[in-house]
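Worksheet for the structure shown next.
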Amino acid sequence: MPNSRDDSTPEVEALDRVDTPEGAGPTRRGFLRIAGLAGVAASLAPQIARANGRIGYHAADLSDERLTDLYRMILRIRWHERTMADKMLSDPDYRGYNHFYAGQEAVATGVCAALRNDGPFDQIDVVYSTHRPSGHALAKGVDMRAMCAENDFRATGLNNGYGAEMHLSDPSVGFIGADGMVGPGPVLAQGSAFSFRARGSDQVSVVFGGDGTYATPHFHSTLNNAKLLDLPFIYVLENNLYHQYAHYSYSSPHYDIADAARAYGIPAEVVDGQDVMQVYNAAYEAVERARAGEGPTFIEAKTYRYYNHWGAPGAEVGQLGAFGYDPLAISSFRPEREVRNWMQRDPVDICRATLVDWGVLNAEQAAQIEEDIRAEVDEAFAWAMEQPLCNPEDGVKNVFATGEVPARQFG
Amino acid sequence: MTEKSWIYAVLEAAQHEMREDPAMTWIFELTPPVASNPDMPVINLETEFGRRRVVNTGIDENWMASTVIGAGLAGSRSVTYIPYQGAAMPFQVIQNHAGKLRHMTGGVASIPVVFIIELTGQTPGFAGQHSDYELDTAYAHIAGVRTVVPSTPYDAKGMMTAAIRSPDPVVFLNPAGLRTLSGEVPDEPYEVPLDKAAVRVEGSDLTIVSSGPGMPVSLEAAERLAEEGINAEVIDLRVLKEMDTETLVTSVSKTRKLLTVDQSYYTLCPGAEVIARVAENVEGVRYKRVAFPDAPPPASPEMFLWMRPDAENVAEAARQLVG
């Protein structure tokens with residue numbers, strides 16, 4: 001029963017469909033089967049309900065430490081977002097802007113947790129991000145302090161102040177980078193997958209893209225060629241319902257954009273993007289498939305961004321711009337009811353509840369972790385604000401590998 | 001005459017033409033054809049003309065440009081508004097089809113369409129892809145496509161009307177940095193020609209030539225220079241193709257000193273073409289060229305604002321030229 005969206009799917013059925021665990025020894029999945037507790041079922045049902053029946057429950061085999069890391073990462077992304085938004089609203093010295101990711105944290109976290117993020121550059125998996133990159137960057141392992149400094153245009157930032165939010169890049173952790181354009185990213189990402197296949201590497205290339213990418217010719221070119229060449233490539237489509245200010249029904253005839261990937265002969269999963277475990281499960285299988293030389297996978301994560309398309313310093317709550325009604329959102333804008341509805345299924349809450357249910361954390365430990373993360377985020381922003389500004393004349397460097405180009409603005 | 005915003009002036013032109021011609025279409029993405037202005041009715045092309053004629057599409061600038069070309073070939077005058085995020089995406093089909101079809105078909109094919117190409121280049125912080133102003137050069141290089149870049153709301157409306165009525169494909173560069181301008185714009189339709197530069201300030205000591213977003217800094221520089229007793233003649237190119245050589249030559253024949261100002265990259269910027277045309281026609285001229293360095297615009301405001309030509313850069317270059 002592929003691609004079921006039947007919210008009434010019973011928990012027991014979902015568990016019965018899981019694959020055999022790879023590892024030996026007692027597993028959390030086994031525990032769940034034995035326990036069969038109504039409480040557990042009730043708490044998991046909403047997350048599993050939208051799962052594709054063929055997805056195994058690999059997250060249940062993760063160690064407590066790795067499961068806790070998922071929670072930590074979701075919180076790191078969330079508090080980075082919230083702190084940045086607060087600074088835009090309150091700190092006149094803050095200059096960074098952001099395409100907000102809050103609400104979508106479980107997608108970046110779940111996907112990157114299934115990737116190889118440590119090691120030499122020619123062995124780690126790579127991620128191509130979007131114009132909404134800060135969550136992907138953190139999840140892939142980018143240093144938060146360096147990213148905060150970059151977002152505030154500091155000389156010691158991740159990219160020395162040249163790139164800022166839409167051009168964050170850190171190849172050392174396989175984060176090839178953000179991209180201000182919509183379209184080219186997926187094609188470039190499958191180009192990396194092409195090289196992995198050509199040189200016999202088991203690396204995997206992942207692209208994150210929004211629902212807006214569906215309309216681009218690049219989307220279709222990417223899927224067609226990734227399939228034709230059986231590339232180790234994963235397309236993670238974060239369907240947050242809106243490309244900038246327009247609902248995705250303006251740009252795609254599909255309810256599930258994954259249907260389009262299936263038309264290219266690519267295995268496609270629709271997952272609840274608010275549930276990190278579901279995202280991880282789908283990503284895990286996609287990575288296994290890619291490493292085994294069995295070609296690309298398409299994952300559509302149903303998710304939502306809480307804030308507007310983007311925000312900038314000087315924002316005022318309820319005023320045009322960052323967090324209120326947007327002046328460009330004329331053709332279609334988000335009903336407040338829709339925003340509130342999605343916030344009821346918050347990725348932080350869902351992850352925390354799952355880990356508490358599984359006995360990985362208790363409420364007290366979860367609260368302590370959040371407190372620690374907030375301190376880390378505050379420290380990162382404070383460090384960034386102390387970093388030096390760029391030297392104006394460095395703007396003509398880094399055009400080519402060596403040297404600098406002449407200044408021409410003086411005639 | 002009413003004080004109107006830039007975008008109101010542009011959409012007023014389109015609205016009038018669409019009311020006159022029920023076959024005319026408009027395609028957009030992200031940027032709805034909607035504008036308001038004090039004491040004027042709201043213009044909303046989408047609601048007024050309906051979604052058969054006015055289409056909000058997904059992110060696919062190649063489709064947008066190709067579709068208006070196809071519509072034009074079928075006899076429908078059409079406009080598409082390409083936001084700056086996708087300003088180069090439709091290049092191929094404009095260069096290879098819009099620009100060549102009339103000629104390749106021996107004059108049989110006609111493409112009466114307008115590509116509004118939004119250009120940025122004004123806002124520090126966005127870096128590279130969202131801060132560049134370089135495509136004026138690229139589009140102006142295409143044969144068979146008229147490329148214009150207004151710098152005032154009055155010209156924006158008049159050139160939009162002329163562009164829509166033109167039997168030729170027109171690239172209408174729409175500098176994002178000028179969107180905040182407003183000015184006196186007649187309510188009635190009128191045309192500003194697609195082949196004439198404008199002398200904005202008359203002077204005899206030197207000629208400053210610029211276009212689009214280079215105009216505000218050039219005019220400000222001219223004011224500073226005037227206070228110092230240097231009278232600059234300031235020319236707004238308005239049209240990159242076909243460039244108005246006569247106005248340039250007439251001015252420089254008088255001043256013998258030419259300063260060009262571009263927000264575009266130095267190499268092959270419109271000023272380079274201006275200097276070449278003047279050099280071919282006027283003897284004994286001294287030249288200077290102010291432009292953005294041949295580097296992508298960096299995010300850091302410190303670096304970007306140092307690199308982007310400002311009024312003081314222009315004034316200082318002018319002082320050196322006349323000194």
Side-chain angles (χ1 to χ4, degrees), chain A residues 95-97 131 150-151 153-155 157 159-167 179-184 210-219 243-246 248 250-252 312-313 327-332 389-399 404-411, chain B residues 28-34 44 46 55-63 83 85-86 88-89 124-131 259-262 265-267 269 287-310 313-314 316-318 320-321:
Chain A
R95 305 189 297 171
Y97 56 88
H131 58 280
E150 183 63 29
N151 286 343
F153 318 115
R154 303 289 168 151
N159 302 103
N160 308 310
Y162 286 73
E165 187 236 9
M166 277 189 290
H167 307 282
D179 189 351
M181 309 304 292
V182 175
D211 44 284
T213 61
Y214 171 82
T216 66
H218 312 79
F219 174 97
H243 60 273
Q244 248 189 20
Y245 308 99
Y248 80 105
Y250 277 83
S251 58
S252 170
L328 290 175
I330 291 167
S331 290
S332 83
L389 299 177
C390 293
N391 174 20
E393 283 135 47
D394 286 345
V396 290
K397 294 178 181 168
N398 287 316
V399 179
E404 56 186 59
V405 300
R408 298 295 191 184
Q409 64 274 35
F410 303 112
Chain B
F28 70 99
E29 62 173 14
L30 310 179
T31 314
V34 178
N44 185 331
E46 189 178 15
V55 173
N56 179 10
T57 172
I59 300 168
D60 189 354
E61 299 83 9
N62 177 63
W63 180 84
Q85 293 96 329
M89 295 282 189
F126 296 105
Q129 299 164 339
H130 286 23
S131 287
L259 170 63
T260 64
V261 179
D262 283 291
Y265 299 139
Y266 173 82
T267 299
C269 62
Y287 301 98
K288 264 195 179 295
R289 174 158 47 137
V290 167
F292 201 91
D294 285 339
S300 154
E302 287 73 37
M303 293 195 276
F304 178 73
L305 294 174
W306 176 76
M307 292 164 75
R308 191 183 68 188
D310 62 19
N313 295 151
V314 176
E316 183 55 28
Q320 291 175 20
L321 198 54

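Chain naming here is simple, since letters A, B, ... match the order of the sequence lines and numbering starts at 1 in each. Computed from heavy atoms alone, side chains included, the values below leave out hydrogens, waters and symmetry copies.
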Hey, what do you get for [atom1] ([X]) to [atom2] ([Y]), rounding to the nearest 0.5 Å?
X: B/Ile59; Y: A/Met181; atom1: CD1; atom2: CE; value: 10.0 Å
X: B/Leu30; Y: B/Glu61; atom1: CG; atom2: CD; value: 8.0 Å
X: B/Lys288; Y: A/Phe410; atom1: NZ; atom2: CZ; value: 11.5 Å
X: A/Tyr250; Y: A/Gln244; atom1: OH; atom2: CD; value: 14.5 Å
X: A/Ser252; Y: A/Asp211; atom1: OG; atom2: CG; value: 8.5 Å

Measure [X] against the heavy atoms of chain B and call it side chain, backbone, both or neither at under 4.5 Å.
X: A/Tyr248; value: neither
X: A/Asn398; value: neither
X: A/Asn160; value: backbone
X: A/Val405; value: side chain
X: A/His218; value: side chain

B/Tyr265, part contacting chain A, at a heavy-atom distance under 4.5 Å: neither
Please flag which part of B/Gln85 lies under 4.5 Å from any non-hydrogen atom of chain A: side chain, backbone, both or neither. both
What residue, out of A/Ala164, A/Gly180, A/Gly157, has the most heavy-atom pairs lying under 4.5 Å from chain B? A/Gly180
Which residue out of A/Glu404, A/Glu150, A/His243 racks up the most heavy-atom pairs below 4.5 Å with chain B? A/His243
When heavy-atom pairs shorter than 4.5 Å are enumerated against chain A, which of [options] gives the highest number?
options: B/Asp294, B/Leu259, B/Leu321, B/Val261; answer: B/Asp294
options: B/Phe126, B/Phe304, B/Tyr287; answer: B/Phe126
options: B/Cys269, B/Ala317, B/Pro298, B/Ala291; answer: B/Ala291
options: B/Ala299, B/Gly58, B/Pro301, B/Ala318; answer: B/Ala299
options: B/Asn62, B/Asp262, B/Val290; answer: B/Val290
options: B/Arg308, B/Glu316, B/Gln320, B/Arg289; answer: B/Arg289

When you measure from the side chain of A/Gln409 to the backbone of B/Trp306, do you find a donor-acceptor pair of N or O atoms at a distance under 3.5 Å? yes
Can you see whether B/Phe292 has A/Arg408 sitting over its ring - NZ or CZ less than 6.0 Å from the centre and within 45° of the normal? no
For a salt bridge (charged side-chain N to carboxylate O under 4.0 Å, His left out) check, start with the C-alpha distance between B/Glu302 and A/Arg95, then their side-chain angles and the critical distance, and finish with the verdict. CA-CA 12 Å; B/Glu302 287 73 37; A/Arg95 305 189 297 171; 2.8 Å; yes
In terms of ring plane angle, is the pair B/His130 and A/His167 parallel, tilted or perpendicular, where the classes change at 30° and 60°? perpendicular
Are a donor atom and an acceptor atom from the side chains of B/Asp60 and A/Thr216 found within less than 3.5 Å of each other? no
